[in-house]
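Everything on this sheet refers to the single structure shown next.
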Amino acid sequence: MATPVNPFKMAQHQFDEVAEQLQLADNIRQVLRWPLREFHFQIPIQMDDGTMQCFRGYRVQHNDASGPSKGGIRFHPAETIDTVRALATWMTWKCAVADIPLGGGKGGVIVDPAGLSDAEKQRLCRGWIDQMWRNIGPRLDVPAPDVGTTAQMMGWMMDEYSKLIGQFTPGVITGKPLGGGGSKGRTEATGFGVVVTIREAAKRLGLDPAKCTASLQGFGNVSQYASKFFIEMLGGTVVAVSCWDRQDKTSYTFSKDDGLDPTFLMSITDQYGTIDKGKARDAAIKIEDSNAWMEKDVDVLIPAAIEGVVTKETVSLIKPTVKILAEGANGPCTPEADEVFKNSDIYVIPDFLCNAGGVVCSYFEGVQNDMNYYWELDEVIDKLDKKLTNAFQSVHEMAEMSSVYNRNAAYMVAIDRVVRAMQLRGWI
Ligand code: GLU
């Protein structure tokens, strides 16, 4: 029986460990252990059949010392306030490690978006803004897409906010569609960033990425582009991806020893990330159980789905061939799994470094919205690559210099920057 994981306890545990190592003063720990602000609200909407349904919504602003709070909105049936708190906290560290002038926030709604029509989704998005518009804004808190939300939804939310304040305000939200205030490269950005950090890790380990194999958990936005770029940019081979099956309410692993084609897989995946099993079988792709992705003899493991999957119980499934574990998801490894990694040769690329590509591109989107001038794709990609390479370098250097585990090194870099921002503003 797997231990249930409370992500916020996990986030606080990770912070406490590093706060202790840094001998951080108690008053600073108090500010950073909890979010600065939380909003809990109801979103009543009319369903297509004329009935009224009420959904529970959240927005958590963990810290905004470095700039407006930044982070996605999740639509998930199992959303909890503690999940949103954890994700908001990780956003603070993510923006700090990426060295962008933004703080950390996250939002959520308890809902399964797959059970809603497009019209209902639109009403729910507008309803979320109707409850929160007074407390978000380009200089206050800037939401974005996350699990269960899309570019189109961001477009509706931006429209609702603009109507309410009476001014076109694209900078209130990022991850918008192209042509609707979005940035080139934003869709691919998180997956691209994951691969940039793997490239940098491989360099430090003296590995030839073209000879590396990878296995990924999830086949949503992050995993789709991470697998594509792992092949296109690094020349590596992707042997397995897992995905959630909405009908069967379980996950499966799709594998092919001589390599999967992510573009083909994307063509047989629905908008919620469920791969068509029949079409996969026809293409000679093997279908295995949910944990099989973790048990592959690969060089690189990429958990890119949800939090709390590599646990005390599952960590032993990982094969000794694995050299890099790249956390595409937020919080996929529990502190107990970290204890195992600390004593192993696996190079862990911690989540808020590994998946920072999305928020860095969101930052670029906000900058373009402010200027009302939009960059070409190569300019975005070039800037993204530089930011992530620098972020990787600062974490790697910190880990070497202080002889600490990579996650702790990433926390050290991030905490130092946020504490400095709070000091400069006279908060502490
Ligand atoms: N939801 C993404 C994340 O967890 C992106 C956040 C953003 O772009 O603000 O990093």
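Order of listing sets the numbers, starting from 1, for every ligand and every atom in it. Bear in mind that the values here come from a model prediction, so they are computed numbers and not experimental data.
- By the 4.5 Å heavy-atom criterion applied to side chains, Asp130 and Glu160 are counted as neighbours.
- In terms of polar-atom proximity, Pro145 is counted as a contact of ligand 1, with an N or O under 3.5 Å from an N or O of the ligand.
- Using a 4.0 Å heavy-atom cutoff, Gly175 is absent from the residues neighbouring ligand 1.
- In the candidate list Asn330, Thr149, Asp146, Ile173, Asp146 is nearest to atom 1 (N) of ligand 1, counting heavy atoms.
- Remark: side-chain polar atoms of Glu365 are paired, donor with acceptor, to backbone N or O of Lys176 under 3.5 angstrom.
- Closest heavy-atom approach to atom 4 (O) of ligand 1 within the set Lys106, Lys70, Arg74: this belongs to Lys106.
- One finds no salt bridge joining Glu188 and Lys228 here, because no Lys/Arg side-chain nitrogen approaches an Asp/Glu carboxylate oxygen to under 4.0 Å.
- If you check which protein heavy atom lies closest to atom 7 (C) of ligand 1, you get Ala144 CB, 3.3 Å.
- When each atom of ligand 1 is checked for a heavy atom of Ser362 under 4.0 Å away, the hits are 7 (C), 8 (O), 9 (O).
- A heavy-atom separation below 4.0 Å is found between Met91 and ligand 1.
- At least one side-chain heavy atom of Glu397 sits less than 4.5 Å from a side-chain heavy atom of Gln393.
- Backbone and side-chain nitrogen or oxygen atoms of Asn355 are examined, and none is located within less than 3.5 angstrom of a nitrogen or oxygen of ligand 1.
- What sits closest to atom 5 (C) of ligand 1 on the protein, heavy atoms only, is Arg186 NH2, 3.5 Å.
- A donor-acceptor pair under 3.5 Å is absent between the side-chain atoms of Gln14 and the main chain of Pro335, judged by distance alone.
- A salt bridge does not link Lys106 with Glu307: none of the charged nitrogens is closer than 4.0 Å to a carboxylate oxygen.
- In this structure, Arg37 contributes its side chain and Gln61 its backbone to no donor-acceptor pair below 3.5 Å.
- The shortest contact between atom 10 (O) of ligand 1 and any protein heavy atom is with Lys94 NZ, 2.7 Å.
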